[in-house]
Amino acid sequence: MYKAVKVVKGSSGWGGPLIIKPTEEKHIILNVCGGVISPISEKIAELTGAEIVDGFKTGVPDDQVMVAVVDCGGTCRCGVYPKKRIPTINLLPSGQTGPLAKFIQEDIYVSGVKEANIKLYDGEVAEGEEETVVVEETPKAKTNSAPVQKVGLLTRLGKGVGGVVGIFYQAGRDTIDTVIKNILPFMAFVSLIMGIITATGIGNVIAKTISPFAATLPGLLLISIICTIPVLSPILGPGAVIAQIVGVVVGTQIGLGHIPPQFALPALFAIDPQVGCDFIPVGLSLGEATPETIEIGVPAVLFSRVITGPISVLIAYAFSAGLFQ
């Protein structure tokens, strides 16, 4: 017997609440959290009687997914499932952010969720109520409409120019919106981190710890291998936050002279091979891959990073030779 749960946002979260109840058709909790089953997914399964599927190991048709549980820092995963009108629970407190922000709505998305934010729901839930979407049909044109008049050259030209201007104008609006909601907050975050590192003296500790690795080719290869370990890379990948913070720290140390500048390019490739590893099953799902393809494709890509990561460092090192002599 399936039961319903009510999921509310956490103390720093956004959206919701969501009322979720499994049905015979929709009974899958899709867990897309870096290859680790989240306690949130386990609690929802325990309370509702639904089934958990690890999105990093297999895929399921969208019409069987009751809810998607993600740990997205605000890039793509938090918007992919709302775009499909699949109820989405984000473990991190991300709101309407990322390139798919317009699809993240309170009726389909909730973030910052902890176990304490999930309770059994005693109210009645009509089947499919939480996913009802009203689509208004566009009235069909009447067949007995007035005869179509011929459009002159100047009229067509005006409409064409107006369409192009409209596209560029909307692109400008989207760009400004992305800068305000995503780029500027991250710049402020990095500035805060660097201020703390500088003021507390942690920078000296980091310099002594990172410099021996980032200032030599073997050290950079070791960093890239660690970042591409299949168990770690999906955990380090969300939002590319780890890579961006480490990149700022390494760049600062290069500026201070603790790391030779010719290691800047290979260092970039050494800290980035895990970026996007958390998005692999989602990307395959967007490409309408079959469950069998996802089962094989996810580990294949993760293990391929172990090979391509160090190779990219070697290539970057070769192309950096003599740049700062």
Side-chain angles (χ1 to χ4, degrees), residues 1-74 76-97 100 103-133 234-235 238 278-279 281-282 285 291 294-295 298:
M1 181 65 180
Y2 290 134
K3 296 182 179 180
V5 293
K6 182 177 182 179
V7 184
V8 300
K9 64 183 179 182
S11 58
S12 301
W14 185 91
L18 301 183
I19 308 298
I20 301 170
K21 183 179 180 180
T23 64
E24 292 299 327
E25 294 77 20
K26 293 179 178 287
H27 59 277
I28 299 297
I29 302 170
L30 185 61
N31 185 94
V32 192
C33 300
V36 179
I37 300 299
S38 165
I40 300 298
S41 299
E42 293 177 343
K43 183 167 184 179
I44 295 176
E46 178 184 352
L47 295 177
T48 63
E51 176 187 353
I52 302 176
V53 170
D54 188 348
F56 271 80
K57 293 182 179 178
T58 188
V60 294
D62 291 341
D63 57 6
Q64 295 182 13
V65 178
M66 174 187 75
V67 63
V69 180
V70 302
D71 58 347
C72 179
C76 284
R77 274 184 302 160
C78 60
V80 167
Y81 298 105
K83 182 179 180 181
K84 298 179 178 182
R85 296 300 294 174
I86 295 176
T88 303
I89 297 174
N90 194 350
L91 307 186
L92 301 180
S94 302
Q96 287 181 304
T97 183
L100 301 176
F103 299 105
I104 301 176
Q105 303 296 330
E106 292 180 330
D107 65 327
I108 203 74
Y109 176 89
V110 64
S111 67
V113 176
K114 308 295 181 185
E115 291 185 64
N117 301 125
I118 304 173
K119 303 290 183 182
L120 279 172
Y121 182 70
D122 297 328
E124 292 294 327
V125 181
E127 184 174 347
E129 175 185 346
E130 68 276 11
E131 297 186 37
T132 301
V133 182
I235 300 175
D278 60 311
F279 191 73
V282 180
S285 176
I294 295 177
E295 290 178 7
V298 172

Crowding at NZ, Lys3 (>12 non-hydrogen neighbours, <6.0 Å):
no
Do [X] and [Y] come close enough that some side-chain heavy atom pair is under 4.5 Å?
| X | Y | value |
| --- | --- | --- |
| Lys21 | Thr48 | no |
| Phe103 | Lys84 | no |
| Gln64 | Val53 | no |
| Tyr81 | Tyr109 | no |
| Glu115 | Ile40 | yes |
| Leu100 | Pro82 | no |

How long is the straight-line distance from [atom2] of [Y] back to [atom1] of [X], given to the nearest 0.5 Å?
| X | Y | atom1 | atom2 | result |
| --- | --- | --- | --- | --- |
| Asn90 | Cys33 | CG | SG | 8.5 Å |
| Asp71 | Cys78 | CG | SG | 11.0 Å |
| Ser38 | Ile52 | OG | CD1 | 8.5 Å |
| Lys83 | Ile108 | NZ | CD1 | 14.5 Å |
| Ile44 | Ile20 | CD1 | CD1 | 5.5 Å |
| Ile86 | Lys26 | CD1 | NZ | 6.5 Å |

Please name the pair of heavy atoms, one in [X] and one in [Y], separated by the smallest distance, quoted to 0.1 Å.
| X | Y | answer |
| --- | --- | --- |
| Gly13 | Lys9 | O-CD, 3.7 Å |
| Pro93 | Ser12 | CB-O, 3.2 Å |
| Ile28 | Val60 | CG2-CG2, 4.0 Å |
| Pro22 | Ala50 | CG-CB, 3.9 Å |
| Ile37 | Asn31 | CA-ND2, 3.7 Å |
| His27 | Glu24 | ND1-O, 3.2 Å |

Partner residues of Val8 under the side chain to side chain contact (heavy atoms under 4.5 Å, CB included) criterion, sequence neighbours left out
Lys6, Pro17, Asn117
If only atom types and distance count, is the side chain of Ser94 paired as donor or acceptor with the main-chain N or O of Cys72 below 3.5 Å?
yes
What verdict does the side chain to side chain contact (heavy atoms under 4.5 Å, CB included) test give for Trp14 and Val110, after you've listed the backbone C-alpha separation in whole Å, the side-chain angles of each residue and the deciding distance to 0.1 Å?
CA-CA 6 Å; Trp14 185 91; Val110 64; over 6 Å; no
One pair to check against salt bridge (Lys or Arg N to Asp or Glu O under 4.0 Å): Arg85 and Asp107. What are the steps and the verdict?
CA-CA 10 Å; Arg85 296 300 294 174; Asp107 65 327; 2.8 Å; yes
